[in-house]
Amino acid sequence: EKQSSSSSTQPATGSASGGAIKIGHYGSMTGSEATFGVSTDNGIKLAVKERNAAGGVNGKQIQLITYDDQGKGQEAVTAVTRLIQQDGVVAVLGEVASSRSIAAGPVCQREGVPMISPSSTNPQVTEIGDMIFRVCFIDPFQGYVGASFAKNQLKLDKAATLYNRSQAYSAGLNKEFVNAFEKLGGQVLIQQAYADGDNDFSAQLTAIREKNPQFIYIPGYYTEVVNIARQARKLGVTCPLIGGDGWVSEELKNAGDALDGCYFSDHYSQEDKRPEVQDFLKKYKSEYGKTPDSMAALGYDAANLLFDAMKRAKSLNGHDLADAIASTKDFKAVTGNITINEHRDANKLAVIQKIQGGQFSYYATVEPPK
Amino acid sequence: MTQLIQTLTDGIAVGSLYALIALGYTLVYGILQFINFAHSDVFALGAWLSFTIATWFGLAAGSGATTPPWYIGLAVLALAMIGCGIVGFLIERLAYKPLRAAPRLNVLITAIGVSLLLENVGQLEGMFRGHHFKIFGPYPKAMPALIPDRVLLHFAAVQFRLVDAVVLGTALFLMVAIQWLVFRTRLGMAMRAVSFNHNSAALMGINVSRIISATFVLGSMLAAAAGFLYAMKYAQLKQTADNVWVLLGLKAFVAAVVGGIGNIRGAMLGGIFIGLIEFFGVAYLSDKYRDVYVFSLLIIVLLVRPSGILGKATVEKV
Amino acid sequence: MPLLSVRNLDVCYGVISALQEVSLEINRGEIVTLIGSNGAGKTTLLRTISALVRPRRGAIFFNDVEITRLAPHEIVRRGVCHVPEGRQIFANLTVHENLLLGGYQERDANRIRASLDRCFSLFPVLAERREQRAGTLSGGEQQMLAIGRALMSKPQLLLLDEPSLGLAPLIVRKIFQIIREINAEGTTVFLVEQNAHMALTVAHRAYVLQTGRVIKSDVASNLLQDPEVKKAYLGG
Amino acid sequence: MSDAIGDNLLLDVRDVSIRFGGLCAVNKFSLALPPGALYGLIGPNGAGKTTAFNLLTGVYRPDGGSVYVQGKRVDGLKPHQIAHAGLARTFQNIRLFGELSVLDNVRMGAQMRGWHGLPGTLLRTGRYVKAERGIDRHARQLLDIMGIASREAEQAKNLPYGDQRRLEIARALATEPKVLLLDEPAAGMNPQEKHDLMQLIRLIRDRFRLAILLIEHDMKLVMSICERITVLDHGETIAAGNPSEIQANPKVIEAYLGEPV
Amino acid sequence: MAETAMLRKRMSVSASESPEELRPPAWSFVPRAFAPLLVGTVVAGILYFFVQPAIGGFGSNLLLFAGINIILAVSLTIVNGFTGQFSIGHAGFMALGGYTAAAIVYYGSFKIYGDASFHGGLVSWTGRAGGFRGPLLGSGDLLFVGATVAGGIVAAAAGWLVGLPSLRLRGDYLAIVTLGFGEIVRVVLQGTDEQLRRYDLELIRSTPMLKLMNKLGGALGFIGIPAYSTVFWVYLWVAIMLIVAVRLKHSSYGRALLSIREDEIAAQAVGVNITRYKVRAFVLSSFFAGVAGALYALQIGSINAGELGFQRSFEILIMVVLGGLGSVSGATLAAIILTALPEVLRFVDQYRMIVYSLLLIIMMIVRPQGLFGVREAWDLFRRRRPRGGA
Ligand SMILES: Nc1ncnc2c1ncn2[C@@H]1O[C@H](COP(=O)(O)OP(=O)(O)OP(=O)(O)O)[C@@H](O)[C@H]1O
Ligand SMILES: Nc1ncnc2c1ncn2[C@@H]1O[C@H](COP(=O)(O)OP(=O)(O)OP(=O)(O)O)[C@@H](O)[C@H]1O
Ligand SMILES: [Mg+2]
Ligand SMILES: [Mg+2]
């Protein structure tokens with residue numbers, strides 16, 4: 001009831017915050033990528049609410065300040081500067097898109113405030129410096145997961161890919177998948193691309209159909225995959241489609257039966273009996289009335305990992321906090337057990353989900369490459 | 001060969017959707033000489049309204065859902081058109097009308113403002129005074145199928161579907177209907193008079209405000225129809241601020257310009273042209289530069305014919 | 001009872017005052033002319049009567065009903081028709097369509113046809129050019145079209161703003177002759193003219209406007225003899 | 001006529017023609033203006049008078065024929081090049097720079113003769129300042145002459161019609177032309193104003209030693225001021241001569257005047 | 001006749017003046033040419049050394065973006081406001097300038113220093129970490145300034161290309177072509193190859209600069225650029241931009257542009273070569289847009305073409321219209337207001353963009369002529385404006 005799950009954007013006015021610890025989140029809450037920003041924020045808000053209900057961190061309540069960056073690098077820089085300088089947050093969560101994490105990351109690095117990106121997968125994000133962390137896969141790993149699953153488990157050799165060339169996530173994952181798949185001895189027959197805002201993929205799918213691949217790797221977001229799948233089926237492309245964690249969403253049911261028998265890599269399985277997972281699913285569903293997508297789960301994990309580090313940190317001073325985050329080992333998160341490695345990336349396993357009747361379920365686990 | 005025919009059918013199918021949206025641009029431009037940048041948002045609104053109304057009717061998407069009888073689809077379409085018509089009316093009255101005498105650039109900026117407003121209101125979802133509310137929300141939704149998914153024609157692996165036929169047919173029908181309206185009716189004559197000069201039209205006893213409102217309402221209803229058909233064709237609707245809508249609107253606008261903005265048949269021609277260029281470009285050149293083809297075509301056409309393919313060059317008498 | 005009566009009209013463009021305290025009356029069946037030098041405010045007065053410009057103060061009555069606050073199209077409907085300065089014909093429409101627009105508020109097809117016929121009999125040239133785009137007509141033809149178009153609505157009062165502007169002498173005489181004919185058929189005419197000599201010859205009464213004020217009003221033939229008017233407007 | 005041929009002609013037009021689609025708007029139009037000439041061009045509406053001006057000033061490109069300004073061939077050149085050659089004009093439908101001030105309108109004309117480039121403008125070189133001061137002075141003088149100096153700060157579009165016409169003339173004069181083409185400069189003026197304007201035009205011609213060609217429908221005026229008159233009808237030159245000849249010419253009476261004025 | 005006599009008198013007022021008295025003394029050239037620039041430099045210096053530390057990181061961040069937006073808005077004013085050519089592809093020029101400068105500085109740093117970190121001097125120092133060491137006007141500064149100018153030049157070249165169609169196209173048609181151009185730039189930049197990184201040092205060293213120009217980062221954008229733009233540099237460019245725009249506006253050159261806006265045919269009739277002027281307006285305008293893009297990329301340290309589409313162009317256009325078409329001071333003020341507005345509106349939370357768009361509509365309705373109309377802020381304080389040389 002109190003400012004427990006405050007997503008308030010009021011600047012610190014002393015009285016309102018009391019002794020609360022402030023953390024910031026920046027993301028695209030409006031504009032064309034709002035879907036992802038809102039999901040992440042929902043996950044973070046849920047984590048904050050739970051944490052505060054459980055007495056906060058070290059006896060202090062957490063206050064979350066969320067700033068919208070409209071999906072623009074410039075706004076991201078401004079938002080993060082404001083979070084740090086005006087609001088005095090001890091840590092920053094964000095962004096979904098790698099390009100914006102890369103734009104705003106240097107601010108955190110310079111100001112010595114740790115930043116945890118929930119879902120920026122480009123390897124270069126954490127290369128900004130020792131203040132920048134993440135809880136998601138990086139592209140090379142997930143690309144490998146997709147490739148090795150297709151090659152080793154499904155025994156498929158001939159791939160086509162269809163990716164969003166204007167999105168770093170999609171383009172990065174595509175590249176890593178192709179690398180890995182070819183290294184494993186597979187053959188990528190054709191790579192096709194689309195751009196943000198495209199909604200008709202029949203031209204690309206027609207080109208792919210001509211090559212007759214055994215499967216299509218589609219490293220995109222669920223917002224596009226549904227249409228791609230439907231159009232593929234209409235064009236008579238019947239091979240399985242395989243994707244990454246961008247697929248995770250209950251909106252996949254929008255595809256009807258078009259995605260039946262398709263697979264995607266994910267951080268965790270919703271059938272996983274671990275209490276972290278089941279609690280999260282239940283609470284998320286009761287709070288927001290829908291199942292979380294991976295952005296929400298990663299936002300939730302990023303926040304909880306941060307709280308965990310806060311508890312362990314010598315002080316909430318940026319460098320102490322960063323040290324604590326860096327030393328995270330086997331943290332029990334929804335999206336798997338996270339260990340922060342020397343690159344400040346998250347080491348965790350990946351699972352493969354299979355889709356049937358608009359629902360997805362656990363299919364396999366993939367180990368990291370040796 | 002299959003690829004050629006496939007590309008051709010797809011290009012025409014998507015092109016006729018462009019044409020449908022372009023009709024609205026061209027109508028408003030032809031009468032008011034004003035690029036209604038909010039048109040693509042009314043189009044998005046049309047699609048989302050169709051979804052919302054279909055949901056009210058208890059329809060749902062997904063596997064196993066059957067297509068309801070045809071009159072339900074028609075009812076959804078009609079209601080969406082009415083809804084968008086009302087919104088179009090309000091937009092014109094509240095945002096554009098006060099700017100009648102202002103420079104055109106101002107109206108353009110206002111249109112951008114309206115567009116931002118519609119986008120951001122559409123994606124709203126949140127808490128207000130402890131109540132959860134939602135306009136359309138930030139998540140994509142699946143439109144229930146109202147047109148049976150039937151294949152009309154087969155050619156090897158190429159299928160021509162009912163939905164595409166309906167889109168093409170509607171575009172053609174509306175083109176003819178608008179052409180008739182503008183050139184054969186009293187309202188159309190008044191519209192053309194208003195397009196020349198508001199004051200002169202008023203001196204003929206024409207209620208200029210009403211004609212402009214009518215134009216806008218009509219344009220918005222066209223957008224709604226296009227939105228409905230879009231929802232039929234692509235099932236999944238992205239949130240209102242998504243680039244999909246903007247880009248579709250932009251390409252439709254480009255189509256209108258290529259065909260000769262203000263020219264109703266030009267919109268149709270331009271739409272199909274753009275659709276074909278896009279698909280043949282992706283299929284036979286490179287998938288990387290889809291939008292580049294469209295915009296390059298635009299630039300080339302305008303350099304060769306500065307007022308579009310069917311547009312009339314307005315020579316100023318000195 | 002005057003057909004049109006303008007009372008104490010003040011009109012401004014921003015801070016520039018164009019008309020001050022203008023009052024005048026036009027009786028049924030008259031031809032009244034308004035003369036005055038450039039920028040005197042003649043056009044402004046006509047524009048105010050047909051509501052294209054809003055007055056700051058004052059009132060306008062037509063048939064004893066106040067029309068000051070009406071919209072332009074409502075005033076047209078009441079029977080006031082304005083042929084604006086510079087003709088303003090619909091350049092991209094045909095002659096025929098222009099005329100039809102003139103009769104826009106008439107819905108009865110028969111009456112429209114009757115008006116058209118009358119118009120074509122007044123201006124036979126227009127009948128010849130029926131399907132031509134109005135923008136390609138010559139200046140004089142455009143002027144005839146503008147007047148013809150105004151007559152289509154069978155106005156009680158016709159406001160003419162400088163109908164002779166830029167026309168060849170032959171045509172000017174013709175236009176003035178037509179004004180007389182129209183008037184003889186019962187239309188009241190309010191004529192704004194620079195060609196003061198001609199205007200005063202056809203008109204019954206006249207007003208003289210100087211920098212936004214009515215400075216004289218009299219029977220036209222008197223003004224034609226008035227030394228001041230002669231000096232200022234008739235070229236000595 | 002033959003005595004007017006030679007290098008001392010300011011404007012020499014030979015057989016220019018143009019067609020619009022099927023319409024021959026101007027056919028084999030010829031004219032010669034010696035220094036100090038004040039000639040008239042008349043004809044019914046749509047005769048092609050304005051079109052002839054447009055041909056001379058490069059707005060339209062003639063289909064045939066040639067135009068010389070001070071001995072320099074200008075047909076086929078761009079309008080701005082023709083302006084530099086010494087031909088200036090006013091427009092039948094006034095074309096002022098409406099949003100600009102009256103003074104700026106005339107300065108626009110004056111700058112043609114006092115040119116300096118972008119670097120000079122940005123660095124404010126001595127040449128630039130000098131040129132700019134010269135332009136300014138020249139412009140103010142012209143406003144004075146035309147009697148609209150008191151309105152120099154107003155926006156051109158807000159001037160009354162008559163003053164707009166005067167301003168157009170001032171702007172044209174500011175380009176320091178040798179030949180001035182006036183398209184119905186007195187339209188919309190009352191007889192007294194017309195009379196004043198004509199005096200002014202005469203004086204301008206004397207002062208600036210120009211040749212002036214004038215389109216006007218007011219016969220009283222044309223006949224009293226022009227030394228020679230050319231009559232166009234349907235693009236054809238149907239008569240040319242001094243005022244009394246023209247007034248007596250039956251073709252002109254039939255096509256244009258109607259009856260003797 | 002009395003009037004004739006008066007006319008004659010009016011005619012004779014113009015005593016002939018010797019042209020030499022109009023020419024200012026030669027010594028006055030230097031102060032006249034450079035005094036404003038000097039003032040601009042001093043102001044930029046004050047902002048950098050005194051104001052920036054006082055307002056903190058958040059304030060100076062806004063200050064920087066405001067400065068960049070001023071350059072963008074005023075440069076667009078030259079095309080849209082002065083010349084009346086309707087351009088909505090300004091972000092495209094910005095992107096070109098930004099990527100060019102980014103590539104030069106990034107790859108140049110590798111070639112010169114062997115890494116892409118900051119090698120700046122006194123006026124490029126953002127006080128980011130540690131203390132300031134290094135040369136007063138560090139060598140990195142020179143690279144940066146060169147890159148900025150190069151960015152401007154590349155954008156200007158593109159401006160020339162876009163200016164050409166403006167000769168044939170009018171109004172909305174030109175607008176849509178510029179928009180198309182901007183989108184093409186965006187798509188092409190998004191389709192470039194991946195950036196070479198520090199692991200590829202040898203490859204960078206051995207590849208000629210021009211060949212590196214297609215390795216611009218693709219979808220991710222160009223990242224890891226050393227951030228040289230500081231308040232000083234940005235405001236120095238703001239000063240240059242303003243001086244250019246104001247001097248242009250109040251000169252024959254600028255009036256020629258204005259006359260094109262007002263009436264092309266009449267402009268030609270008074271000897272204006274409209275072809276040349278239109279193209280030059282585009283070139284000048286896009287040069288500064290390119291510079292602004294360079295400053296932007298080198299301030300944030302990354303640049304992403306995906307964000308520089310037509311929506312960004314619209315933002316700039318809004319500043320121009322809001323300021324008053326053709327008003328330099330208006331565009332400047334509007335740029336400042338519109339940079340700050342989204343931050344001011346943060347308190348309305350998720351309704352921010354809604355309030356923003358409503359404000360936009362309302363501002364257009366209540367002040368259609370923009371903040372200052374076509375005039376300048378200083379005109380509002382003066383009744384008569386003795387301009388030019390008078
Ligand atoms: N739109 C306007 N904005 C500002 N001032 C205007 C406007 N229209 C007219 N004026 C001014 O109002 C005054 C009266 O103009 P109006 O056009 O009524 O004169 P007029 O008598 O018709 O002159 P003319 O014989 O030239 O047609 C003039 O001083 C003119 O400059
Ligand atoms: N750009 C054009 N395209 C087609 N026809 C044109 C064009 N310009 C002029 N005309 C036609 O050429 C003819 C001559 O027109 P012009 O304007 O020269 O006449 P004018 O002698 O100036 O008449 P007025 O006295 O009415 O001004 C007209 O029939 C006109 O319609
Ligand atoms: Mg008038
Ligand atoms: Mg003419």
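Quantities reported herein were computed from a predicted structural model and do not represent experimental measurements. Protein chains get the first letters and strands the later ones, always in sequence-line order, with residue 1 at the start of each.
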Review point. Chain B contacts: which residues in residues 358-366 of chain E have a non-hydrogen atom closer than 4.5 Å to it?
Key: E:L358, E:L360, E:I361, E:M364, E:I365

Exercise for review: Tell me, with the steps shown, if E:V320 and B:L105 meet side-chain contact (heavy atoms from CB on, under 4.5 Å).
Suggested key: CA-CA 10 Å; E:V320 173; B:L105 212 46; 6.0 Å; no

Nearest 0.5 Å, please: how far is [atom2] in [Y] from [atom1] in [X]?
X	Y	atom1	atom2	answer
B:L108	E:F86	CG	CZ	4.5 Å
E:Y173	B:L303	OH	CG	13.5 Å
B:L116	E:E315	CG	CD	8.5 Å

Non-hydrogen atoms of [X] and [Y] that approach each other most closely:
X	Y	value
B:E125	E:Q350	O-OE1, 3.2 Å
E:F181	B:I299	N-CD1, 4.2 Å
B:K288	E:V187	O-CG1, 3.9 Å

**Study point:** Side chain B:N106, main chain E:P368, donor-acceptor under 3.5 Å
**Key:** yes

So for [X], is it side chain, backbone, both, or neither that comes closer than 4.5 Å to the heavy atoms of chain E?
X	result
B:L302	both
B:I35	side chain
B:V294	neither
B:R290	neither
B:F253	side chain
B:V304	backbone
B:I261	both
B:S296	both

Point to revise | Side-chain donor-acceptor pair present, B:Y29, E:D172, cut-off under 3.5 Å | key: yes

Do you know which of [options] has the most heavy-atom pairs under 4.5 Å to chain B?
options	answer
E:I354, E:V188, E:V177, E:I88	E:I354
E:V185, E:L322, E:I176, E:L169	E:I176
E:G191, E:A266, E:S357	E:S357
E:L174, E:L317, E:N80, E:L164	E:L317

Heavy-atom cut-off 4.5 Å, strictly under: side chain, backbone, both or neither for [X] against chain B?
X	answer
E:R352	neither
E:Q190	neither
E:L325	side chain
E:V321	side chain

Check whether more than 12 heavy atoms from other residues, nucleotides or ligands sit under 6.0 Å from atom [atom1] of [X], and answer yes or no.
X	atom1	value
E:Q369	CD	yes
B:F273	CZ	no
B:R265	CZ	no

Point to revise | Criterion side-chain contact (heavy atoms from CB on, under 4.5 Å) on E:I184 and B:Y289, from CA distance to verdict | key: CA-CA 9 Å; E:I184 290 176; B:Y289 298 114; over 6 Å; no

Check your understanding: Would you say the side chain of B:L298 lies within less than 4.5 Å of the side chain of E:L179, judging by non-hydrogen atoms?
Key ->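 Answer no - side chains too far apart.
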
Review point. Which of parallel (below 30°), tilted (30 to 60°) and perpendicular (above 60°) describes E:Y351 and B:F133?
Key: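 Ring orientation of E:Y351 relative to B:F133: parallel.
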
**Study point:** Which of B:V257, B:V107, B:I112 touches chain E most, by non-hydrogen pairs under 4.5 Å
**Key:**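 Option with the greatest count: B:I112.
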
Revision key, fill the gap. Residue from B:L99, B:L118, B:D291, B:L94 scoring the most non-hydrogen pairs under 4.5 Å with chain E is B:L99

Point to revise | Audit row: E:Y356, B:N120, side-chain contact (heavy atoms from CB on, under 4.5 Å) steps and yes/no | key: CA-CA 10 Å; E:Y356 175 86; B:N120 285 288; over 6 Å; no

Return a table of donor-acceptor pairs under 3.5 angstrom between the side chains of residues 329-337 of chain E and protein atoms on other chains or two or more places apart.
residue: E:S329; atom: OG; partner: E:E376; partner atom: OE1; Å: 2.5
residue: E:S329; atom: OG; partner: E:A377; partner atom: N; Å: 2.7
residue: E:T332; atom: OG1; partner: E:V328; partner atom: O; Å: 2.7

